Every structure is written in structure tokens, then in C-alpha cells.
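Each remark here refers to the structure printed beneath this line.
All values derive from a computational prediction rather than experimental measurement. To find a chain, count down the sequence lines: A is the first, B the second, and so on, and within it residues start at 1.
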Amino acid sequence: MRFRALLLTGLVAPALASAQPPGEGRRSGFDFMGASTQAMQRDDALNPGMLWVLEGEQLWNRPVGAAGRSCASCHGNARESMRGVAARHPAFDHVLQRPADLRQRIASCRQRQLPVLPMPGEEQAQLSLEAFVGLQSRGLPLAPPPDMRLEPYRERGRALFEQRIGQLDLSCADCHDQQAGRRLGGSPIPQGHTTGYPIYRLEWQGLGSLQRRLRACMSGVRAEPLAWGSPELVELELYLAWRARGMPVETPAVRP
Amino acid sequence: MARTLIQAPSSVRRGDSFSLRVLLQHPMESGFRVGVDGQVLPRDIVRRFACSYNGERVVEVELFPAVSANPYLEFSAQATDSGTLSFEWEGDHGFVHREQRTITVT
């Protein structure tokens with residue numbers, strides 16, 4: 001079975017197959033955390049991310065717009081209809097005609113179907129919906145779709161991952177592929193697998209998206225962060241999802 | 001409206017002690033930070049938390065600016081009679097939030 005899966009990925013993405021870190025030895029950021037932070041993520045009563053999930057569930061069911069419809073009007077019970085959805089994103093969006101991450105998919109669906117205007121930036125409501133939908137995939141393996149249309153975008157994402165940027169002249173790969181497990185200052189460098197987004201980050205004292213995390217890393221190496229929702233960020237997300245494929249979803253994860 | 005996660009048992013045996021865990025969504029803005037406009041962000045914290053069990057005080061907590069956002073508290077109570085647990089948070093700018101849970105003692 002495993003052989004077959006490998007063969008399949010080989011067919012879909014010959015270019016990427018060689019650029020992968022070995023399947024063995026991949027570790028979630030969870031493994032790099034202290035015991036108390038791990039306990040915080042394991043226990044839903046302790047995990048502050050669940051507060052956003054709670055809000056997301058309310059938003060899912062709340063009728064809005066002129067037609068008075070909600071997400072639930074079309075998608076019904078999210079526990080069934082949204083199971084595994086977060087694990088498949090970013091995916092190719094037929095309306096936008098380009099890849100979109102989960103947040104963009106939710107926003108564009110709400111804009112078309114309800115209709116309500118998309119919420120810009122780090123709007124809490126949008127994060128809450130993303131966290132609620134993400135939770136329905138918790139424990140399932142990340143499964144980027146084997147969609148040939150995504151291939152050029154994912155390849156560009158990999159180039160971005162490996163490109164040195166900023167005054168510190170570092171690429172994502174410099175730290176998260178080559179130095180993972182070592183320390184930067186006092187903090188361990190994780191392998192950078194995108195298994196738990198949106199995450200509750202203790203440093204942020206709140207829930208934040210993968211785009212926020214990526215932008216924070218970019219300003220960390222003193223580069224100009226890519227714009228919110230830019231196609232380049234989604235390309236990076238695509239590559240990261242591919243890089244973490246098969247690892248279990250942890251949403252909403254807690255990170256230091 | 002503030003959101004809370006409360007873990008309280010719905011039934012306990014008489015005489016047993018049980019633990020209560022409460023998590024409140026709140027920014028706990030310390031009053032020492034500077035915003036993007038260069039102005040100091042006004043303090044906005046929860047100052048007091050109290051839990052009562054059938055009107056009797058179980059615990060009362062004072063909170064200060066050093067407490068992190070979304071404060072989590074864990075404490076225990078002893079089951080005497082069936083009744084109501086009430087939780088109350090009070091803070092700056094007239095912030096008040098109340099929650100109740102019923103508990104059955106067997």
C-alpha cells in the first residue's frame with residue numbers, strides 16, 4: 001500500500017519527489033515544545049484556540065446577508081460535511097482560477113453564496129471559521145490534492161522556500177531544513193510543518209493564521225513580508241502542505 | 001460577548017472534591033504596551049474572578065496586568081448539595097461576565 005502511494009506521488013509530481021525531506025524523521029512542531037505547552041494543546045479545556053472554534057461554530061450557523069442564509073444552509077452539519085476539508089487545502093479554486101487556501105475558499109464561498117463581503121486581514125471572525133472548519137480534520141493526515149493544475153504553483157512555492165531573502169540573507173530551507181532541531185537563541189528551530197494552523201501562539205496571545213506566521217518569519221530575516229493573501233504566500237502554503245503531507249492535522253495547535 | 005470554556009462535572013458523589021477549570025477569552029491588555037500609532041494602549045484587564053456554589057463563595061481571585069491573555073484558572077470544590085455553580089468575572093471598563101452550571105450531588 002505504501003509502495004503504491006509512493007508510486008502515485010511519483011507520477012503526480014516527479015519534480016518535487018526528490019526535493020522532499022525524507023518521510024522518516026519528519027516531526028511536528030508539537031515535538032519541539034515543552035511539556036506544559038504540549039499539555040495545553042492536548043486538553044481542549046486548556047487550549048485557548050477552542051474559544052475561536054466555539055465562535056466559528058456560532059458563525060457557521062448564524063444567518064447573514066439579504067437571503068438570511070448561513071454556511072449550514074448549504075453545508076449542513078460541519079462535523080460531517082467539513083471532515084477532511086482542511087487537510088486538502090490549499091486547493092485549486094474553480095471560480096478564482098488559481099490555488100486558494102482554506103481562508104480564501106471560505107471567504108469566496110461566503111461572498112458568492114450568502115452573500116457577505118470578505119473580511120480583510122486578520123479579522124477574528126474569519127480566523128474563527130477557519131479554526132472551526134480545521135478542527136473537523138483533526139487527526140486526519142494532510143492530503144494535498146493530486147491536481148496537476150497545482151503543480152506549477154507548488155513548484156514556485158518550493159523556489160520561494162529555498163530562495164534567500166532579507167538583510168540576513170536566509171531562506172526558509174536554511175533554518176527549517178538544514179538547522180531544524182538546533183536552537184536559535186533559546187528556542188528550538190522546528191521543521192516548519194504546517195499541521196496545526198490556525199495556531200494559538202503564546203507570543204501572540206491569540207489565534208493566528210499560517211500567513212501571519214510566514215510574514216512574521218519574513219520580517220524576522222528583515223525581508224519585506226509578502227502581502228496578505230498574495231498569490232506568492234499561497235504558493236508557499238501549497239509547497240508547505242506538500243512537504244507535510246501525511247502528517248496528522250492538529251488544528252487548533254498551540255505553539256510557544 | 002465574552003466566550004468561556006468551563007469544565008465542571010454534571011454530577012459528583014457527596015463529599016467528594018472535584019476540580020473546576022475555567023478559561024475566559026479576554027485580551028488582558030496590560031496598559032504598558034504601545035500601539036502602532038505610538039500611543040500607550042489603555043489598560044483593559046479582568047481584575048476579579050469569583051466562583052460561588054449555592055451562594056457560598058468557593059474561590060475569589062484577584063488578577064493583575066502580568067496575567068496573560070485568555071486567563072485560565074483551575075481550583076477545586078467539595079460536593080455538599082445539588083445546586084448551582086456561578087462564575088463571575090469583573091474587569092476594566094465595566095466588564096462583567098457571568099456563567100452558571102448546575103451540578104447534581106448523588
Side-chain angles (χ1 to χ4, degrees), chain A residues 33-62 64 120-132 135 138 196 198-208 212 215-216 219 225 228 251-256, chain B residues 1-12 18-37 40-46 49 51 59 61 63-77 85 87 89 91-92 95 97-101 103:
Chain A
M33 310 194 300
S36 59
T37 319
Q38 288 184 343
M40 205 168 167
Q41 177 175 325
R42 274 201 202 96
D43 187 344
D44 282 350
L46 256 173
N47 183 346
M50 293 308 284
L51 293 163
W52 276 263
V53 169
L54 217 64
E55 192 199 7
E57 184 166 16
Q58 287 163 8
L59 288 169
W60 178 267
N61 293 306
R62 183 182 301 158
V64 285
E122 281 284 321
E123 186 77 44
Q124 294 298 310
Q126 203 166 350
L127 265 181
S128 301
L129 265 174
E130 192 185 349
F132 175 63
L135 176 72
R138 188 162 69 176
I199 56 168
Y200 186 87
R201 191 157 179 240
L202 300 179
E203 188 183 312
W204 292 337
Q205 304 258 301
L207 203 73
R212 180 173 176 187
R215 282 168 50 90
S219 39
W228 289 110
T251 308
V254 178
R255 292 291 181 266
Chain B
M1 193 60 184
R3 284 185 298 274
T4 54
L5 293 173
I6 297 179
Q7 282 260 304
S10 53
S11 72
V12 276
F18 55 95
S19 81
L20 292 161
R21 308 158 72 196
V22 295
L23 180 63
L24 170 80
Q25 185 162 38
H26 196 282
M28 294 295 282
E29 188 58 62
S30 66
F32 298 114
R33 297 197 310 157
V34 176
V36 282
D37 57 356
V40 172
L41 297 165
R43 194 184 84 166
D44 178 19
I45 63 167
V46 176
F49 166 78
C51 172
V59 70
V61 180
L63 294 98
F64 294 93
V67 176
S68 72
N70 310 313
Y72 168 83
L73 298 163
E74 183 171 347
F75 51 94
S76 55
L85 282 161
F87 307 90
W89 292 262
D92 293 337
F95 174 84
H97 185 74
R98 293 190 184 88
E99 292 274 344
Q100 289 199 327
R101 293 290 184 275
I103 192 160

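Across A:Pro48 and B:Leu23, no two heavy atoms sit closer than the pair CA-CD2, 3.7 Å.
Listed by chain and residue number, B:His26 satisfy the ring-ring contact (aromatic ring centres under 6.0 Å, His included) test with B:Phe95 (two or more places apart in sequence, or in another chain). Annotation: ring-ring contact (aromatic ring centres under 6.0 Å, His included) contacts of B:Tyr72 (sequence neighbours excluded): none. Every residue meeting the ring-ring contact (aromatic ring centres under 6.0 Å, His included) condition with B:Phe49, not counting sequence neighbours, appears here in chain and number order: B:Phe75, B:Trp89.
Neither the backbone nor the side chain of A:Leu202 comes within less than 4.5 Å of any heavy atom in chain B. There is no contact between B:Ile6 and chain A, counting heavy-atom distances below 4.5 Å.
Side-chain atoms of B:Leu5 and A:Leu51, non-hydrogen and from C-beta on, do get closer than 4.5 Å to each other. Looking at heavy atoms from C-beta onward, B:Ser68 lies in side-chain contact with A:Gln205 at the 4.5 angstrom threshold.
In this structure, the separation between CD on B:Gln25 and CH2 on A:Trp52 is 4.5 Å, given to the nearest 0.5 Å.
For residues 36-43 of chain A, a heavy-atom distance under 4.5 Å to chain B picks out A:Asp43, given by residue number.
In this structure a side-chain-to-backbone donor-acceptor pair under 3.5 Å is missing from B:Gln7 to A:Ala45.
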